[in-house]
Amino acid sequence: MLANSPVESFSFAGREIFLKRDDLLHPAFSGNKARKFAYFLDQEFAGVTKLIGHGSAQANSLYSLSALAKLKGWQCDFYVDHIASQVLTLPTGNYAAAIANGTNVIDLSNLLAANTSVQAGKSDWHCQRYIEQRVLPAETNALFIPEGGRCQYAEYGVSQLAAEIETWTMQQGMTDLKVFLPAGTGTTALFLNQYFMRKQSDIRVFTCAVVGGDTYLRQQFDLLNPNSAEHPQILNADKKYHFGKLYPEFYAMWQRICASGVQFELLYDPLGFMVLEKFLPQWGASPVMYIHQGGLLGNETMLPRYLRKFGRTR
Ligand SMILES: *Cc1c(COP(=O)(O)O)cnc(C)c1O
């Protein structure tokens, strides 16, 4: 149902790269979460009336699950460990858009405080365990999607993305394409590279760890596919960065790439392009594609933080 995002030419670091515009996949359901959740969009789920997920109250996956539920005509319950007070006072970004889609965002810390039967050892309850033990047994019409879409079902939609890229290179008569994308759980990068290798394609996938370090990312790859020969290649930044923190070099890179007229997001793309710029000179004339993985709603929350910290011009 959702497929064939456009490929554009993009000028970066003095050369041409290709940009796979997965941010344009669908007006309401786009980016890599849409690819990861595409399985649930395309499949029939007889008797299901509700989607249950969990994660952070600002996550791209919260918004994407709310959009998926809306497209399917399902209710959506999304469990979070807590909701920061400024999010409740002034809802923006993914949180606000998910609420507008009718998603019920459930603060587990509130729920536990109100429920004496689970008070004992309440610090031990994290969302996934709580949902599995306390919620799902009573919700017989619910479909549960674990955090961020990090599971095998993501292979379905990510393989579709890989097939689109493969078809595009054939139409272009292109060989040895290098595909680059920044990774969180690494699910998207892993299933892309696995597809190309199993198809004996000459396309290869490169990524960088934005959440956690290289060791964490390798562990995530192993969980999805223990055959490390099929893993994407991990490239490093010169420095260690913490996920969600604000860095002047991220903001500067974001301004540079957005000056092209394409909007990028502020959590993954700045580090992605910094790492890409570092490795591009080693890749000679090989064609390079960057995957725009969406997530732009998050800017509504991130940009005011950057503006407060570093100002408008720099
Ligand atoms: C979720 C997300 C990622 C990370 O995807 P993984 O499959 O977890 O590696 C990267 N970019 C954006 C914009 C995202 O929303």
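In each ligand, atom 1 is the first atom listed, and ligand 1 is the first ligand listed.
Near Ala183, meaning under 4.0 Å from any of its heavy atoms, are these atoms of ligand 1: 9 (O).
Ring-centre distance between Phe279 and Phe206: not below the 6.0 Å cut-off. If you look at His54 and Phe78, their ring centroids are not closer than 6.0 Å. Aromatic ring centres of Phe10 and Phe18 lie farther apart than the 6.0 Å criterion allows.
Considering backbone and side-chain N/O atoms, Gly184 comes within less than 3.5 Å of an N/O atom of ligand 1. For ligand 1, one of its N or O atoms has an N or O atom of Lys36 under 3.5 Å away.
Residue Gly186 places a heavy atom under 4.0 Å from ligand 1. Look at Gln220 and you'll find every heavy atom at least 4.0 Å from all atoms of ligand 1. Contact annotation: Gly294 has at least one heavy atom less than 4.0 Å from an atom of ligand 1.
Nearest heavy-atom pair across Leu246 and Lys309 is CD1-CD, 3.9 Å. Contact record, Val7 with Lys20: CG2-CD, 3.8 Å, taken as the closest heavy-atom pair.
When each of Phe40, Phe144, Phe45 is tested with Tyr153 by the rule ring pair (Phe, Tyr, Trp, His ring centres under 6.0 Å), just one qualifies, namely Phe40.
Among Glu265, Gln293, Lys33, the residue whose heavy atom sits closest to atom 2 (C) of ligand 1 is Lys33. Heavy-atom proximity to atom 6 (P) of ligand 1, evaluated over Asn94, Thr185, Asn60, Asp269, is greatest for Thr185.
In Asn32, the part holding a heavy atom less than 4.0 Å from any atom of ligand 1 is the side chain.
Ring geometry, Tyr79 versus Tyr130: the interplanar angle falls from 30° to 60°, so the pair is classed tilted.
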